[in-house]
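Letters A, B, ... are given to chains in the order of the sequence lines, protein chains preceding strands, and every chain is numbered from 1.
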Protein chains: 2
Amino acid sequence: MTEKKTFSISELASEFDVTTRSIRFYEDQGLLKPTRRGQTRIFSTKDKVRLKLILRGKRMGFSLAETKETFDLWDETLTGNEKQLLKMLSILDEKRAHIEQQKADIAMAELEINTREAHCREALAELQKKKQQQESTIKQSGHTAEQS
Amino acid sequence: MTEKKTFSISELASEFDVTTRSIRFYEDQGLLKPTRRGQTRIFSTKDKVRLKLILRGKRMGFSLAETKETFDLWDETLTGNEKQLLKMLSILDEKRAHIEQQKADIAMAELEINTREAHCREALAELQKKKQQQESTIKQSGHTAEQS
DNA sequence: AAAGCGCTTTACGTTAACGTAAACTTCCTC
DNA sequence: GAGGAAGTTTACGTTAACGTAAAGCGCTTT
């Protein structure tokens with residue numbers, strides 16, 4: 001009762017900050033399966049969840065085709081044939097490997113960002129020091145100028 | 001003395017598992033700046049480091065243009081004008097935000113992978129159980145058949 | 001009933017990041 | 001000195017993931 005059950009295309013578009021074109025494209029590629037009232041698309045909460053997964057997948061470097069493959073496979077495993085279950089497990093392992101790579105990348109990137117930031121701040125401090133020195137020099141020459 | 005100082009295009013290509021075409025493309029886009037002996041490209045360790053950064057950037061979802069921008073900016077900040085240093089700091093903040101997003105994405109993805117794996121193993125256990133039951137039924141009927 | 005809003009389909013255009021092919025040099029080896 | 005391996009330039013082709021424009025439908029608001 002607390003959650004809305006269906007969504008229009010523009011509702012999803014604004015909620016996830018994508019264009020309606022993209023959403024239609026995802027449907028076209030078989031990633032979303034909205035029902036219709038007349039011509040108009042009606043999206044379920046399942047579609048909404050999938051859209052979220054699509055976008056996260058993109059951020060993580062998965063293509064739409066890959067994401068579709070996992071969607072399809074997951075649907076199939078619901079009817080649970082043993083071979084499909086085993087394939088699913090191996091795909092999950094691949095994903096895990098991908099994630100481990102990402103974690104390593106992120107850790108390295110974070111290190112670099114930190115050292116770069118340190119360098120930047122150091123350089124800025126240097127500049128400030130020179131500024132200070134200049135200002136005091138100016139004040140001094142200003143003072144002597146007043147006196148002369 | 002312990003590290004080689006220059007590299008051919010195919011050395012880099014095989015070390016990082018990319019095509020020479022890609023490497024030439026990266027140079028064309030201004031991301032790598034090998035020197036030349038005659039026509040032939042000679043890559044420095046700096047180029048090698050940059051290639052590694054390019055590839056990691058790709059895995060993390062950065063475009064070549066973005067990566068080039070950070071390269072260029074970082075080169076500029078070495079000559080340390082204050083405005084450039086500040087811009088560098090703001091870009092570092094952006095990168096950090098990107099990384100935080102990735103961390104969140106990864107955490108969610110890991111959770112999902114784990115629950116999915118659990119479901120899979122559960123379903124497999126179910127199948128095994130049914131198999132066991134079937135086998136024992138067969139043995140039993142085999143036994144009775146022998147006896148009849 | 002005219003105008004506007006939100007949705008639709010159809011279809012051609014665009015960008016990034018290379019792939020691929022052709023034709024050429026340089027150097028080494030047989 | 002013929003061939004082969006590794007490099008080069010030039011240039012057209014390809015794929016994914018949409019962007020963009022045109023034309024039309026259904027409803028309601030004025």
Co-membership, hydrophobic cluster, residues A/L92 and B/I106, 4.5 Å side-chain: yes
Separation of atom CD1 in A/I54 from atom C1' in D/dC18, rounded to whole Å: 13 Å
Distance test, side-chain N/O of A/K58 to OP1/OP2 of D/dC18, below 4.0 Å: yes
side-chain hydrogen bond (donor to acceptor under 3.5 Å, both in side chains) partners of residues 120-131 of chain A, not counting sequence neighbours, each pair once: A/E117-A/R121
Length of the CZ-C1' vector between A/F7 and C/dC7, whole Å: 18 Å
Residue pairs, two or more places apart or on separate chains, that pass ring pair (Phe, Tyr, Trp, His ring centres under 6.0 Å) and touch residues 11-35 of chain B: none
Between P of D/dA17 and CZ of A/R59, the distance in whole Å: 16 Å
Short side-chain N/O contact from B/S8 to OP1 or OP2 of D/dA6, under 4.0 Å: no
Side chain to side chain donor-acceptor pair (under 3.5 Å) assessment of B/S22 paired with B/T19: CA-CA 5 Å; B/S22 296; B/T19 65; 3.0 Å; yes
Cluster overlap B/L51 with B/V49, hydrophobic side-chain contacts below 4.5 Å: yes
Salt-bridge contact B/E76-B/K87 (side-chain N to carboxylate O under 4.0 Å): no
Those residues of residues 12-43 of chain A lying under 4.0 Å from DNA chain D by at least one heavy atom: A/T19, A/R21, A/S22, A/F25, A/Y26
